Amino acid sequence: MDEKEKELNEAVELNNDESTASNETEILDSSLEERDGVKYETGDNWVFEAEAPTLNDDMFEGEINITPANKTVALKKEPEDKNDNSSSTGKELLKFIPLAVIMAVVIAVLVVLGVRYNTVPNGKEGDKANPAGVAMTVDNNNVSVGLYNLYFSSVASQYEQYAQYGYYDLDLTKDYSEQNTTDENGITISWFDLFKKRTEEQIRTYFAYCDAAKEAGITLSDKQKETIEQQIDGFKSSASEQNISLDEYIESVFGEYCTEDTVRLYIEQFYLATNYTGKVAVDFKPTDKEIKNYFNEHKDNYYKINFSYLACTYDTTDDKTKAQSEKTIKEYMKKITDRNSIKALVPTAYKEYIDADIKSAMEMDDKLTEKEARENAISNYMNNIDGTIYSSESPFGEEINKWLFDENQPTDTVKYYVNEETGYAYIILKTEQPTLLEDETYTVRHILVTPKSEDGSSQYDTEQEYTDEQWAEAENTAKQLLEKYNSGEKTEAAFAALADSNSDDTASTSLGSSDSYGGLCENVALGQMVPTFENWSTDKSRKYGDVEIVKSDYGYHIMYFISDRPTYEGKIITDMRNDMLTRLVQDADLREHLSVIQKADEKYLAAKKAAAAANASEGE
């Protein structure tokens, strides 16, 4: 696909999104006493915050990405004291304790524990963090300022990486607190405040999941523990190359008061949360009646609609250019009556892109004539005038969504949507009525065993031809794993655990980057997998729990069958499960220690400004 075409398609894809660490580079010195202190907290400024989740962390091999739906604060009831016989008057007297008494208590604490205990974070985690080092609590868990910085760092890093590719209108060289965007509710918010909001959501979610995991007796696997050590060793190597300590390196990259313990806790939380949500996916099996009831309550979420569209640049530089953009849109709309009329407008509407594609194509192929290059370019754009959206999405806003999915609105009618952030307007032609998502999908688990390369690597290489011996060894390994499964409990949970530790398809395990666990391939549409994999999964004789070895060009798959359903039923099961996880997160009580967070925020912004100033001076 040509660059201009990519640009145009990415502009369309951007509307479906809501969606490197640039932390301060001050190095942790040997004496924390030299740092500015954090003011002592009395507890009067603790506030409830809310929401939950979505983290996509590119700093480690695994990628965190958890997305339950709407979130609200769930305030816990105050405990009832059945033995309290005090009168209301007696309780009111508690409000008038002399300030001198409070100060006496504070002074006593300082005498026993030292001034630093309540003024300077100690860079430790959990219960070992002193009061000055606690940025938040989630239920009974302390969140250190170092861990807060690490979560914030990962959030900022993700947005910065996408911004570099043009997905977000975020200037990486300027103060994030002085640049605005809109959140998922359409409310204007600074980029910095959006990062803070996402950080709070993720912290709340991960602590809630980890608490639930511990309560359920879920622990890290040996493979996960091994991977954590490998990741820490990688940081040690980087620190050694820079001739600094591990903690100094970690703090310089991820934020102040981040230590080895902070990074370990962060990665452990990711794996533990993944194991927990993986167990939920194993255990959560709604009945057909429950699925039907959920569908009846949320029917409008499970439809799709196909449409055709024409994309136009929308220039808001000034009133004049904006008015011209509006005029062009209205002229096109008058000419659009059906899909073919959109095709007829392609050469005019996309002229700038077509001309660029012609020039690029002829530079790459000197035998190509201008006529041939033009025909190819026009054909490419004509083949990309169709789109599909689901009723649960709103890429063109609520008004357009309501119009498209309203069966009373006739086909071959036209509306347009403007996205000033991307600089595009989309003229949309309704070509059909919405339809229920009834396409076939299937859900299975699998353990992939690939032939090993000469160096012992299990990463499948499509360019390499494996010997009969290498294939035979892979088959033997698959049979041994199947025998191990058959000799055990023979449950989905047992298969998932075996897959998570042994599958060469790490993308479907907790060690991969798809937020999956246990070899799960969920709600797979037809045509996405290799034929032998798909044929086995869609065999109508299959029943839950069937296990068998299947060979493909990638290796041997030990298959575990779960279900074969219409798309909408598979989505309902996923949505019901996410609803349950969302409620779990909503019940978690998150409190912010405002002065600690404020100090961390101020240092982050100061470091960003310093880095921007340094870059500016280098460019002069």
Side-chain angles (χ1 to χ4, degrees), residues 20-38 55 57-62 64 113-137 141-157 199 202-203 206-207 210 220 224-272 593 596-597 599-608 610-611:
T20 305
S22 300
N23 295 312
E24 56 189 292
T25 56
E26 182 183 6
I27 302 299
L28 179 65
D29 54 33
S30 59
S31 174
L32 291 175
E33 294 184 12
E34 299 297 322
R35 297 188 176 279
D36 293 335
V38 177
L55 178 60
D57 167 39
D58 294 321
M59 294 185 294
F60 306 119
E61 185 178 355
I64 307 174
L113 300 176
V115 175
R116 291 182 65 255
Y117 184 74
N118 283 292
T119 59
V120 181
N122 58 0
K124 295 183 179 181
E125 298 304 324
D127 294 336
K128 296 179 181 179
N130 62 23
V134 178
M136 298 176 176
T137 62
N141 302 295
N142 288 335
V143 182
S144 74
V145 66
L147 189 60
Y148 172 86
N149 285 337
L150 181 48
Y151 268 97
F152 186 98
S153 172
S154 70
V155 169
S157 176
T199 299
Q202 291 154 18
I203 288 173
Y206 273 78
F207 273 91
C210 288
L220 300 181
Q224 289 169 336
K225 293 177 182 177
E226 178 185 337
T227 303
I228 292 174
E229 295 306 318
Q230 292 171 352
Q231 291 168 333
I232 295 297
D233 286 344
F235 290 129
K236 288 180 179 178
S237 296
S238 297
S240 178
E241 290 173 2
Q242 297 185 26
N243 198 29
I244 57 179
S245 72
L246 176 59
D247 282 349
E248 286 175 330
Y249 172 78
I250 288 172
E251 183 177 76
S252 70
V253 176
F254 300 127
E256 191 175 38
Y257 300 115
C258 283
T259 65
E260 177 184 351
D261 288 342
T262 309
V263 172
R264 283 185 180 276
L265 176 59
Y266 180 83
I267 309 174
E268 287 171 0
Q269 284 185 321
F270 166 50
Y271 286 139
L272 199 58
H593 215 181
V596 178
I597 294 176
K599 194 169 186 68
D601 293 345
E602 288 172 352
K603 290 200 171 186
Y604 175 85
L605 290 173
K608 289 292 295 182

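This structure is a prediction, so every number in the text was calculated from the model and none was measured.
Checked by atom type and distance alone, the side chain of Asn149 pairs as donor or acceptor with a backbone atom of Glu256 at under 3.5 Å. Judged by distance alone, with hydrogens and angles left aside, the side-chain atoms of Asp247 form a donor-acceptor pair with the main-chain N or O of Glu260 at under 3.5 Å.
Taking every heavy atom of both residues into account, Val263 and Ile232 meet most closely at CG1-CD1, 4.0 Å. The two residues Ser245 and Ala239 come nearest to each other via the heavy atoms O-CB, 3.7 Å. Scanning all heavy atoms of the two residues, the minimum distance from Thr199 to Val155 falls at OG1-CG2, 3.8 Å. Val145 and Ala600 get closest at one heavy-atom pair: CG2-CB, 3.9 Å. Across all their heavy atoms, Leu265 and Leu147 have their closest contact at CD2-CD2, 3.8 Å. Heavy atoms only, all atoms of each residue included: Gly133 and Pro121 are closest at CA-CB, 3.7 Å.
Annotation for Asn243: atom CG does not count as buried by contact number, only 12 or fewer foreign heavy atoms lying within 6.0 Å.
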Does the pair Asp127 and Asn142 meet the rule for a side-chain contact (heavy atoms from CB on, under 4.5 Å), with working shown?
CA-CA 6 Å; Asp127 294 336; Asn142 288 335; 4.2 Å; yes

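Counting only heavy atoms from C-beta outward, the side chains of Gln269 and Tyr151 approach each other to under 4.5 Å. Side-chain contact between Leu220 and Leu272 is present, with heavy atoms from C-beta onward closer than 4.5 Å. Using a 4.5 Å cut-off on side-chain heavy atoms (C-beta onward), Tyr266 and Ser154 make contact.
Ring geometry for Phe254 versus Phe235: interplanar angle over 60°, hence perpendicular rather than tilted (30 to 60°).
Separating the CZ atom in Phe270 from the CD atom in Gln202 is a distance of 12.5 Å, to the nearest 0.5 Å. Taking SG from Cys210 and CG from Asn141, the interatomic distance works out to 8.5 Å, rounded to the nearest 0.5 Å. Atom CD1 of Ile228 is separated from atom CD1 of Ile267 by 6.0 Å, given to the nearest 0.5 angstrom. In this structure, the separation between CD1 on Ile203 and OG1 on Thr137 is 11.0 Å, given to the nearest 0.5 Å.
Under the side-chain contact (heavy atoms from CB on, under 4.5 Å) criterion, Glu602 pairs with Gln598, sequence neighbours left out. Annotation: side-chain hydrogen bond (donor to acceptor under 3.5 Å, both in side chains) contacts of Glu125 (sequence neighbours excluded): Ser144, Thr262. Among residues two or more places apart in sequence or in another chain, the salt bridge (Lys or Arg N to Asp or Glu O under 4.0 Å) test is passed with Glu268 by none. Residues passing the side-chain contact (heavy atoms from CB on, under 4.5 Å) test with Glu229, sequence neighbours excluded: Arg264. Partners of Asp601 under the side-chain contact (heavy atoms from CB on, under 4.5 Å) rule, at least two apart in sequence or in another chain, are Tyr148, Phe192, Lys196, Ile597.
Tyr271 and Thr227 share no side-chain donor-acceptor pair at under 3.5 Å.
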